[in-house]
Asker: 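Below you'll find the structure I mean.
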There are 2 protein chains.
Amino acid sequence: MNNKEIQEERVRGYFLDATKNILKGEGLKGISVRSVAQEAGYSFATLYNYFKDINDLVFLCVKDFQQEISEFVDTQSGKARKPETKIAEKTLAYIKYFAEYPGIFELFYLTKAVDFNHKKESMEIITNSLDMICEKEWKAFDKGKGVTPKEIDHMRNLLRHTVIGMMLLYLNRRQPEDYLEFVKEAEKEINTILKLH
Amino acid sequence: MNNKEIQEERVRGYFLDATKNILKGEGLKGISVRSVAQEAGYSFATLYNYFKDINDLVFLCVKDFQQEISEFVDTQSGKARKPETKIAEKTLAYIKYFAEYPGIFELFYLTKAVDFNHKKESMEIITNSLDMICEKEWKAFDKGKGVTPKEIDHMRNLLRHTVIGMMLLYLNRRQPEDYLEFVKEAEKEINTILKLH
DNA sequence: TAAACATAATAAACAATGTTCAAATAATTA
DNA sequence: TAATTATTTGAACATTGTTTATTATGTTTA
């Protein structure tokens with residue numbers, strides 16, 4: 001990478017950081033060509049020298065956020081016991097992350113697919129987001145006797161759908177209204193799906 | 001209701017119908033003050049004589065759509081057998097409705113709560129949408145022996161969350177890509193939750 | 001009937017948004 | 001230093017939601 005590329009990459013980073021800050025704070029409603037550029041310290045027109053459009057910039061954040069979520073989940077979940085228990089812990093941490101940053105949930109799950117245009121990579125990161133977080137544990141679960149791979153596949157799908165549905169209703173429809181109640185309900189549903197008691 | 005009120009109600013109806021048509025066709029992206037007014041046959045400014053703003057108008061559609069969904073589900077689901085079977089059938093029909101009209105899913109579940117402003121009624125219709133559709137069957141289920149009310153409550157929550165999560169991923173993230181596969185997966189998850197085999 | 005009034009519909013105007021492009025500025029090179 | 005290249009930017013345009021003053025229409029009253 002030559003000097004020019006290094007410098008370009010730096011400027012791109014300023015815009016990316018600005019976008020991430022706004023998303024974590026105000027969410028998508030705070031994002032505009034002008035607000036991002038101001039936060040980055042450039043004119044709004046400069047943005048178009050480094051990114052195709054504002055969507056392009058927003059969806060480039062997906063990768064970084066998935067990384068951040070992964071790290072957050074690791075700090076939250078305890079030391080290894082049964083894989084199912086670990087999956088339950090990680091999934092709950094996953095939920096708590098999005099409850100803290102609703103703007104990132106919005107970006108991951110509530111933006112329309114058509115806005116992604118040709119950002120197939122970001123799309124796939126999101127689709128597999130939770131599964132990737134628990135990848136190791138699902139594999140370990142698979143090795144343990146008594147559950148067929150098909151059943152595990154089914155559990156993983158069910159878990160993903162339930163978690164996303166719960167978050168959607170809580171973050172977008174205020175149901176349940178109370179955070180603690182939300183977490184309690186989430187624990188209960190996760191445990192049911194994973195057959196933990 | 002005097003003549004004036006009747007006529008006002010009629011004009012409101014024209015705008016409402018226009019909005020519903022656009023939502024069923026193009027979805028929220030097709031909605032604008034100008035497009036709705038054009039479809040209704042009025043100037044865009046006229047809209048503000050009858051509705052607070054464009055959001056007001058859009059959220060007034062919720063009630064009508066919930067009614068329409070309810071009727072659709074009734075035509076789709078067969079004659080009564082076990083309540084659980086009926087719930088499964090109705091839930092699948094519910095899913096199929098939204099798969100046909102993604103714009104209405106968008107309106108029901110993907111719009112931000114803050115946009116609802118003071119439209120608490122629309123909000124509650126949505127929150128209880130699926131539960132209302134299957135209300136009778138859940139009650140019948142409750143009367144059948146062998147399942148506690150608490151367990152039923154839990155099943156209802158789990159079903160709601162899973163269904164919404166599935167629809168979100170299919171309609172917003174194209175996962176699974178294929179409609180038939182989506183329906184098959186939905187059936188499987190619904191049956192698991194309702195303990196049907 | 002004609003003037004005064006009330007109501008309904010609208011056009012004009014404004015602010016905020018995304019985007020493009022030519023001009024201005026900064027950096028590099030001969 | 002002058003010329004060239006690269007980067008940054010302001011001006012401009014289209015589209016959006018919303019407000020407000022004006023027009024058009026119908027009704028009431030002197």
Asker: Enumerate the salt bridge (charged side-chain N to carboxylate O under 4.0 Å, His left out) contacts for residues 92-108 of chain A, please, sequence neighbours excluded, ordered by first and then second residue.
Answerer: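 Of all non-adjacent pairs touching residues 92-108 of chain A, those that pass salt bridge (charged side-chain N to carboxylate O under 4.0 Å, His left out) are A:Glu106-B:Lys112.
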Asker: Roughly how many Å is it from CD in B:Gln7 to P in C:dT7, rounded to a whole number?
Answerer: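 It works out to 13 Å between those atoms.
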Asker: Is it the case that more than 12 heavy atoms not belonging to A:Gln76 sit under 6.0 Å from its CD atom?
Answerer: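 Above 12, so yes.
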Asker: Work out how much the helix from C:dT1-D:dA30 to C:dA30-D:dT1 bends between its end axes, five pairs an end, to the nearest 10 degrees.
Answerer: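 The angle separating the two end axes equals 40°.
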Asker: Considering only residues two or more places apart or on different chains, which pairs with a residue in residues 176-197 of chain A satisfy ring pair (Phe, Tyr, Trp, His ring centres under 6.0 Å)?
Answerer: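 Residue pairs passing ring pair (Phe, Tyr, Trp, His ring centres under 6.0 Å), neighbours aside: A:Tyr170-A:Phe182.
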Asker: Only pairs at least two apart or in different chains count here, so list each salt bridge (charged side-chain N to carboxylate O under 4.0 Å, His left out) that has a residue in residues 34-49 of chain A.
Answerer: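 Every pair satisfying salt bridge (charged side-chain N to carboxylate O under 4.0 Å, His left out) with a residue in residues 34-49 of chain A: there are none.
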Asker: Hey, where on DNA chain D does chain A first and last touch, going 5' to 3'? Cut-off is any atom under 4.0 Å from a heavy atom.
Answerer: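 Endpoints of the contacted stretch of DNA chain D: D:dT7 to D:dA12.
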Asker: Around atom CD of A:Glu8, are there more than 12 heavy atoms of other residues, nucleotides or ligands at under 6.0 Å?
Answerer: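 For A:Glu8, atom CD is crowded (more than 12 foreign heavy atoms under 6.0 Å).
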Asker: B:Phe105 vs B:Phe98 aromatic rings, parallel, tilted or perpendicular, using cut-offs 30° and 60°?
Answerer: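 Correct class here is perpendicular.
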Asker: Partners of A:Gln67 by side-chain contact (heavy atoms from CB on, under 4.5 Å), sequence neighbours excluded?
Answerer: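 Only A:Glu71 meet the side-chain contact (heavy atoms from CB on, under 4.5 Å) criterion with A:Gln67.
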Asker: With a 4.0 Å heavy-atom cut-off, tell me which residues in residues 12-20 of chain B come close to DNA chain C, sorted by residue number.
Answerer: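 Of all residues in residues 12-20 of chain B, none places a heavy atom under 4.0 Å from DNA chain C.
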Asker: Go through the structure and list residues passing ring pair (Phe, Tyr, Trp, His ring centres under 6.0 Å) with A:Phe44, not counting sequence neighbours.
Answerer: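 Result, ring pair (Phe, Tyr, Trp, His ring centres under 6.0 Å) vs A:Phe44: none returned.
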Asker: Backbone N or O of A:Phe15 within a donor-acceptor pair of the A:Thr19 side chain at under 3.5 Å?
Answerer: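 Between the backbone of A:Phe15 and the side chain of A:Thr19 there is a qualifying donor-acceptor contact (under 3.5 Å).
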Asker: To the nearest Å, give me how far apart CG (A:Asp56) and C1' (C:dG18) are.
Answerer: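 Computing the A:Asp56:CG to C:dG18:C1' distance gives 14 Å.
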Asker: side-chain contact (heavy atoms from CB on, under 4.5 Å) with A:Lys63: which residues, sequence neighbours excluded?
Answerer: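 For A:Lys63, the residues satisfying side-chain contact (heavy atoms from CB on, under 4.5 Å) (neighbours in sequence not counted) are A:Glu121, A:Ile125.
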Asker: Go through the structure and list residues passing salt bridge (charged side-chain N to carboxylate O under 4.0 Å, His left out) with B:Glu68, not counting sequence neighbours.
Answerer: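 For B:Glu68 the salt bridge (charged side-chain N to carboxylate O under 4.0 Å, His left out) partners, ignoring immediate neighbours, are B:Lys24.
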Asker: Check residues 129-139 of chain A and write down every donor-acceptor pair under 3.5 Å in which the side-chain atom is one partner and the other belongs to a residue at least two apart or another chain.
Answerer:
residue  : atom : partner  : partner atom : Å
A:Ser129 : OG   : A:Gln66  : OE1          : 2.8
A:Ser129 : OG   : A:Tyr94  : OH           : 2.6
A:Asp131 : OD2  : A:Arg160 : NE           : 3.3
A:Asp131 : OD2  : A:Arg160 : NH2          : 3.3
A:Glu137 : OE1  : A:Lys90  : NZ           : 3.4
A:Glu137 : OE2  : A:Lys90  : NZ           : 3.4

Asker: Near DNA chain C, under 4.0 Å by heavy atom, which residues of residues 42-51 of chain B?
Answerer: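 Correct list: B:Tyr42, B:Ser43, B:Phe44, B:Ala45, B:Thr46, B:Asn49, B:Tyr50.
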Asker: Tell me whether A:Glu177 is salt-bridged to A:Arg174, with the criterion being a basic N under 4.0 Å from an acidic carboxylate O.
Answerer: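 Result for this pair is no, no salt bridge flagged.
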